[in-house]
Amino acid sequence: MRVLTVNPVLDLELRQRSRTMRSMLVITLYLLLLIGVMWLAYQGSQLNNFGNNPLEALTTQAGRSTFEWLLVTQLGILMLVVPAISSGVISGERDRQTLIPLQVTLLGPVQIFFGKVFAAASFTLLLLISSAPLLAIPFLLGGVTLIDILSTLALLLFLGFVTSIIGVSCSSLFKRTQVAALAAFTFIFGLFIGTLVLFGATAAIDGVRGTDTATPRMEAMWANPFTPLADVGGSFGRSSFIQIDSPLSAVNRGFAGLEQGPDVFINSRGQAINQRTGNPVELKSGIFPLWLKSVLTLSAIAAFMAWVGIRKLRLPQQALSL
Amino acid sequence: MDDSLPTSPPPPPPPPKPQDATSFFDTPGTGAHGVGPVMIQDLGPAPQIGPDGQVSVNPDSVVSVRGLTKTYGSLRALNDLNLDVPKGSIYGIIGPNGAGKSTTFGILATLLKPTSGVARVCGADPVKQPRDVRKKLGYMPDVMGVYESLSVGEYIEFHAAAYKIPRNEWSLLVEGLLELVDLDVKRDAMVDSLSRGMKQRLSLARAMVHDPDLLILDEPASGLDPRARVELRQLLSELQRLGKTILISSHILAELQQICTDIAVIEAGRLLASGSPDELISNLGAGRRATVKFLDGTAAEYPVADEAAQAQLLRKLVSDGADIVEFSVETADFEDLFMQITQGIVQ
C-alpha cells in the first residue's frame with residue numbers, strides 16, 4: 001500500500017496485473033522456454049567438445065555457453081513481452097473510458113506516464129528475478145562470474161525499461177491498442193533490424209569509397225539493444241574469457257574488432273589481428289566502452305519517446321482522442 | 001372581472017410554431033438566482049472588456065463563460081456561448097445531439113482548449129490554471145469507466161490517492177462516500193459485479209472524492225433503469241442540500257425539469273434560452289392553455305397564466321351564456337419547450 005501514495009498509477013497497474021492469470025502464464029512459459037534453451041545449450045556445448053579437454057574446461061565451456069544463450073533468449077523474450085504489455089496500458093484506459101477520469105485528477109501527465117512505465121518495467125524485473133535460479137546453474141558450472149550475472153541482469157532491466165517507455169509512448173500516441181502494439185513492435189524491430197541494415201549500409205558506402213576492406217561504422221549499432229548485451233555479456237575482454245561459439249561472444253569479438261579501428265579483427269583466442277598483414281596488434285582501450293555508448297544512445301531515444309508520450313497526455317488539448 | 005376576456009368564443013389562436021428563439025420571449029425576466037435575463041439569445045450581460053483588454057466574467061458565479069467558441073476545422077461546436085452557473089444551483093444544460101454540451105463540459109473540466117472566449121470555474125481559468133480547477137471540480141463524463149478488477153473500496157482509495165488526499169483519511173472518506181451513494185454494503189464487492197446503476201453511483205462517488213464545490217455530470221442518467229434514475233435524482237438533490245453546485249446535461253427532459261433550479265437550452269453551440277424551469281415554461285406563452293368545446297361543435301384555446309386565471313375564464317364564459325360541453329387545461333412541459341425552441345440543427 002505504501003507504493004500507492006508514491007504513485008497511485010503504479011499501484012493500480014501492479015494490483016490489476018497481479019489479479020490476472022495472464023501474468024502467471026507468461027512467467028511460466030518464459031521459465032519453461034529458458035529451461036529448454038539452457039538444456040539445448042548445455043547439450044550443444046558437450047557435442048562441440050571434440051578434443052580431450054579436461055573436465056574442468058568442459059564444464060566451464062558449458063557454463064559460459066549456457067549463460068550466453070540464456071541471455072540472448074531473455075533479451076528476445078523481453079523484446080516481445082514488454083512491448084505487448086506496455087503498448088496497451090494507456091490505449092486500454094481509453095478503451096475502458098477510464099483515462100479522462102484519471103486525467104482530471106491531480107495526477108500530472110508525467111506521473112501517469114511513468115506510473116505505467118514503472119509498472120511495465122517491474123514486470124521485467126519480475127521476469128528477471130524469476131530466472132535468477134536458472135542463471136545460478138551456469139554460475140555453478142563455471143566460466144561465469146557473479147559480476148557477469150549481475151551486470152547482464154542490470155543491463156536487461158535497463159533494456160526492459162527502455163522498451164517499456166517505447167511501448168507506453170506508443171500507447172499514449174495511438175488511440176487503438178492494436179495500432180499501438182503494432183507501432184511498438186515496429187519500433188523495436190527497427191532498433192534491431194534497422195540498425196543492422198544501417199550498419200551494413202555504412203560498410204557498403206565504405207567499400208564504394210575504395211578502401212581495401214569495407215568497414216562498417218559502429219555508431220550505426222549503438223541503438224541496437226543487442227549491442228550493449230554483447231559487450232557486457234560476451235566473454236571477450238573479461239577475466240572469464242573463454243573460446244566459445246555463442247552468438248553473444250562472436251558479436252562481442254566482432255564489435256571489439258571494429259572498435260579497434262579499420263582492418264582489425266579479433267580472433268577466437270581473443271587476439272587483435274591486422275587483416276592486411278595477418279600480424280597481431282596491440283589491443284586499444286577507448287575512453288568509453290561500447291556498452292556505455294549504446295546505453296547513452298538508447299537512453300536518448302527513450303527520453304525522446306517519453307517526451308512525446310507525455311506531451312500527448314498533457315491537458316487541455318485541442319481535441320480529445322476518445 | 002377582466003373586461004378583456006372574450007364574450008363569445010374567439011377564433012382559436014394559431015398554434016405555436018418553431019421560430020427564431022429571440023422572438024419567443026420578448027419579456028425579459030430574472031433567473032431563479034437573479035443572474036440575468038431568462039431568455040436572451042446572448043445570455044446575461046454582454047462580455048465586458050476591461051481596461052486590461054480582458055473579458056470580465058461574473059465573479060459571483062461558480063461557472064462563468066463568456067464568448068466561448070470551439071471549432072474543429074470547419075465545424076463550429078461552440079459559438080459565442082455565454083453562461084453563468086449560480087452557486088448552489090442544479091444547472092441543467094439541454095440540447096440535441098451535437099449541440100455542444102459535452103464540448104462545453106470538456107472545456108470546463110480542463111480537457112479541451114477553447115478556440116476563443118473565456119471560462120472561469122470557481123474563479124480559476126481551466127486553460128491557464130487547470131490544477132486549481134481540478135481541485136474544485138468533480139467531473140463525471142458521459143461514458144463511465146471503472147477498473148473492474150478492483151473492489152469498490154479500492155476504487156475510491158485509488159482516486160483518493162490520485163487527488164493527494166492523506167492516506168489516514170481514506171477509510172473515513174470511503175465509508176462516508178459509499179454511504180452517501182448507498183453502496184456501503186458493497187465496499188468489498190468487485191466493481192465488475194455491480195449493476196449499471198451502482199456503477200454510475202460509484203462513478204459519482206469517485207467524482208466527489210476530493211469534496212469539490214462543483215460537479216459536472218454529463219448525461220449521468222443515460223442507460224439507467226427508472227428506479228436507478230429516481231435514486232440518482234434523489235442523490236443529486238441531497239448533494240445540492242450539501243452545498244454542491246451541479247452542472248448537468250441529460251436527454252431526459254422531464255428529469256431535468258424536476259431537479260434543476262436553472263436550465264440552459266443550447267443548439268448548434270449557441271445558447272437559445274436560460275432561466276428557471278417555471279420561468280422558461282411560463283414565458284413560452286403556451287405554458288398553460290385552456291381548451292373549451294362548445295355545444296355547436298366549435299372549440300377555442302385560451303392562454304391562462306395560472307389556476308386563478310383559469311377559474312376566471314370559466315366564470316366569464318358561463319356568465320356570458322356560452323354552452324360549454326368540455327373544459328380542459330393542458331400544461332406545457334419541457335418537451336414542448338424543447339421542441340419549440342430548438343430547430344433540430346445537426347452540425
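Nothing here was measured: the structure is a model prediction, and the numbers come from that model. Each chain gets a letter, A, B and so on, in the order the sequences are listed, and its residues count up from 1.
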Please classify the contact between B:His159 and chain A as side chain, backbone, both or neither, with a heavy-atom cut-off of under 4.5 Å.
side chain

May I ask you to test the B:Arg206-A:Pro101 pair for a side-chain heavy-atom distance under 4.5 Å?
yes

Which one wins on heavy-atom pair count under 4.5 Å against chain B: A:Leu107, A:Ile112, A:Thr98, A:Thr20?
A:Thr98

A:Arg311 atom CZ, over 12 foreign heavy atoms within 6.0 Å:
no

Is there a side-chain contact between A:Thr105 and B:Phe158 in this structure, where contact means two heavy atoms from C-beta onward sitting under 4.5 Å apart?
no

Where do A:Pro8 and B:Ala162 come nearest, in terms of heavy atoms and distance?
CG-N, 3.9 Å

Which pair of heavy atoms, one from A:Glu93 and one from B:Tyr147, lies closest together, and at what distance?
OE1-OH, 2.7 Å

Which bit of B:Pro126 is near chain A, if near means a heavy-atom gap under 4.5 Å: side chain, backbone, both or neither?
backbone

Whatever's closer than 4.5 Å to a heavy atom in chain A on B:Tyr163 counts as both

Which is it for B:Leu150 and A:Arg19 under the side-chain contact (heavy atoms from CB on, under 4.5 Å) test, yes or no, and what are the steps along the way?
CA-CA 9 Å; B:Leu150 297 183; A:Arg19 288 176 183 173; 4.0 Å; yes

Would you say NZ of B:Lys244 has more than 12 non-hydrogen atoms from neighbouring residues, nucleotides or ligands within 6.0 angstrom?
yes

Can you tell me how far apart CD (A:Gln111) and NZ (B:Lys164) are? Round to the nearest 0.5 Å.
3.5 Å

Are any non-hydrogen side-chain atoms of A:Leu315 and B:Arg134 less than 4.5 angstrom apart?
yes

Tell me, for B:Lys135 versus chain A, whether the close heavy atoms (under 4.5 Å) come from the side chain, the backbone, both or neither.
both

What are the two closest heavy atoms between B:Lys70 and A:Gln317, and how far apart are they?
NZ-O, 4.5 Å

Is the backbone N or O of A:Leu106 less than 3.5 Å from a side-chain atom of B:Arg131, with the two atoms forming a donor-acceptor pair by type?
yes

A:Phe189 atom CZ, neighbour heavy-atom count above 12 within 6.0 Å:
no

Hey, which of B:Thr103, B:Val143, B:Val209, B:Thr115 has the most heavy atom pairs under 4.5 Å with chain A?
B:Val143

